[in-house]
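Structure, as structure tokens:
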Amino acid sequence: MTVTPLGIPRRLLEFTLDGEPVRAPEGSTILDACRAAGKDVPTLCEGDTLRPKNACRVCVVEVEGARTLVPACSRKAEPGMEVRTDTERARHSRKVVLELLASSVDLSTTPRVAEWLKEYEAKPDRFGPDAARLNEEPRVDNDLYIRDYDKCILCYKCVDACGDQWQNSFAISVAGRGFDARISVEHDGPLTDSACVYCGNCIEVCPTGALSFKSEFDMRAAGTWDESRQTETTTVCAYCGVGCNLTLHVQDNEIVKVTSPHDNPVTHGNLCIKGRFGYQHVQNRG
């Protein structure tokens with residue numbers, strides 16, 4: 001028998017979403033309510049295991065009486081609020097944000113971006129070939145994961161996951177200002193010389209593939225990475241007694257990467273270096 005935890009009861013509040021009355025638990029964000037109502041509001045920087053950062057601004061919506069568009073990922077729903085998610089103003093804002101991001105960042109491995117570019121008729125090419133881009137080669141300085149800053153949108157999710165919200169290693173921060181702002185380890189050195197403990201929790205929350213498994217990076221470079229041929233199996237990590245859940249991504253009978261369920265009460269998507277990267281012995285058939 002499966003037992004579903006009820007959690008702490010929360011009062012329901014009522015407000016209007018695209019002209020329809022909706023009810024949401026007190027403390028919910030507008031984005032939470034949109035998802036519960038089946039409305040697809042795009043977002044890149046929002047993470048279900050992290051506090052909202054309001055960085056990408058793709059999820060903006062209109063709220064009656066508000067002077068500016070508001071980020072749905074962080075704005076709390078309020079009783080009597082009137083929210084509109086698909087107005088011309090909101091769509092135009094999303095279009096421009098997507099154009100600016102796609103013109104300056106490689107979004108080729110970002111889930112759903114191609115779909116959103118089409119939906120909002122965004123045309124990143126209109127800025128021309130001189131649009132500011134980093135044009136930096138991926139940093140491959142260890143055997144576990146790579147850093148491809150050409151794909152980074154500065155969403156700060158990796159900084160939060162490495163910092164006080166989860167790992168408390170504080171190996172990652174933002175260096176520079178303006179166009180020179182970038183995610184970096186101390187002194188912008190090799191990862192092997194930093195405070196990184198290789199838990200890979202930054203990879204777990206990265207929305208664009210700027211941080212990715214070395215195994216995935218190598219397979220993409222070889223043209224063999226194919227998610228349609230991959231299966232996912234959730235199991236329990238055997239290294240210690242904590243009980244962390246692992247999701248094994250398998251392609252052609254080989255484990256290609258390991259993630260963790262975000263709704264697991266033990267890990268909340270987080271793992272240590274052994275759980276996330278210590279799977280090679282499973283495939284040692286010699």
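Model, not experiment: these values are computed from the prediction. Here, residue 1 is the first one in the sequence, and each next residue gets the next number.
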Which other residues belong to the hydrophobic cluster containing Val236, where Ile, Leu, Val, Met, Phe, Trp and Tyr are joined when side-chain heavy atoms lie under 4.5 Å apart, directly or via other members?
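Members other than Val236 - counting any ILVMFWY side chain reachable under 4.5 Å - there are none.
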* Apart from Val185 itself, residues in the same hydrophobic cluster as defined by side-chain heavy atoms under 4.5 Å ->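 Besides Val185, the cluster holds Leu144, Tyr145, Leu191, Tyr198, Ile203, Leu211, Phe213, Ile273, Phe277.
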Under 3.5 Å, is there a donor-acceptor pair between the side chain of [X] and the main chain of [Y]?
X: Lys257; Y: Leu248; value: no
X: Lys76; Y: Gly27; value: yes
X: Asn54; Y: Pro71; value: no
X: Asp160; Y: Leu50; value: no
X: Tyr149; Y: Ile183; value: yes
X: Thr208; Y: Thr110; value: no
X: Asp150; Y: Asn135; value: yes
X: Thr29; Y: Asp32; value: yes
X: Ser194; Y: Cys196; value: yes
X: Tyr120; Y: Ser93; value: no

Can you measure from [atom1] ([X]) to [atom2] ([Y]) and round to the nearest 0.5 angstrom?
X: Ser28; Y: Glu78; atom1: OG; atom2: CD; answer: 12.5 Å
X: Tyr156; Y: Leu154; atom1: OH; atom2: CG; answer: 5.0 Å
X: Gln230; Y: Glu254; atom1: CD; atom2: CD; answer: 12.0 Å
X: Lys123; Y: Ser103; atom1: NZ; atom2: OG; answer: 14.0 Å
X: Asn264; Y: Thr49; atom1: CG; atom2: OG1; answer: 12.0 Å
X: Cys199; Y: Gln167; atom1: SG; atom2: CD; answer: 4.0 Å

* **Partners passing salt bridge (charged side-chain N to carboxylate O under 4.0 Å, His left out) against Arg276 (at least two apart in sequence or in another chain)** =>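 Residues passing salt bridge (charged side-chain N to carboxylate O under 4.0 Å, His left out) with Arg276: Glu204.
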Other residues, nucleotides, ligands: >12 heavy atoms within 6.0 Å of [X] [atom1]:
X: Asp40; atom1: CG; value: yes
X: Arg89; atom1: CZ; value: yes
X: Glu137; atom1: CD; value: no

May I ask you to check whether [X] and [Y] show a side-chain donor-acceptor distance below 3.5 Å?
X: Asn245; Y: Thr267; answer: no
X: Thr87; Y: Glu62; answer: yes
X: Asp141; Y: Thr192; answer: no

Grab the two heavy atoms, one from [X] and one from [Y], that are nearest each other, plus how far apart they are.
X: Trp116; Y: Thr43; value: CH2-O, 3.4 Å
X: Pro124; Y: Ala102; value: CG-CB, 3.4 Å
X: Gly275; Y: Cys237; value: CA-SG, 4.0 Å
X: Leu98; Y: Ala122; value: CB-CB, 4.3 Å
X: Glu119; Y: Arg91; value: O-NH2, 2.9 Å
X: Pro207; Y: Cys155; value: CD-SG, 3.7 Å

Are any non-hydrogen side-chain atoms of [X] and [Y] less than 4.5 angstrom apart?
X: Val83; Y: Met81; answer: yes
X: Leu246; Y: Thr259; answer: no
X: Leu107; Y: Ile153; answer: yes
X: Ile255; Y: His249; answer: no
X: Cys202; Y: Trp166; answer: no

Just to verify, what does [X] make a side-chain hydrogen bond (donor to acceptor under 3.5 Å, both in side chains) with, not counting sequence neighbours?
X: Thr234; value: Thr247
X: Asp48; value: His262
X: Glu136; value: Arg139, Arg182

Using the rule that two of Ile, Leu, Val, Met, Phe, Trp, Tyr join whenever any of their side-chain heavy atoms come within less than 4.5 Å, decide whether Val258 and Val242 are in one cluster.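 The answer is no; the residues belong to distinct hydrophobic clusters.
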I'd like to know if Val159 and Val205 are part of one continuous hydrophobic network [Ile/Leu/Val/Met/Phe/Trp/Tyr, side-chain heavy atoms within less than 4.5 Å].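 The answer is no; the residues belong to distinct hydrophobic clusters.
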For Lys39 and Asp18, run side chain to side chain contact (heavy atoms under 4.5 Å, CB included): C-alpha distance rounded to whole Å, both residues' side-chain angles, the deciding distance at 0.1 Å, then the answer. CA-CA 10 Å; Lys39 295 186 179 294; Asp18 290 332; 3.2 Å; yes
Is any NZ, NE, NH1 or NH2 atom of the basic residue among Arg84 and Glu64 found under 4.0 Å from an Asp or Glu carboxylate oxygen of the other?
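Salt bridge: yes.
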Looking at Glu121 and Arg94, is there a salt bridge between them, counting it only when a charged N and a carboxylate O are closer than 4.0 Å?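 Between Glu121 and Arg94 there is no salt bridge, as every charged N stays at least 4.0 Å from the carboxylate O atoms.
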#### Entry: Test side chain to side chain contact (heavy atoms under 4.5 Å, CB included) applied to Val256 and Trp225, step by step
CA-CA 9 Å; Val256 293; Trp225 182 263; 3.8 Å; yes
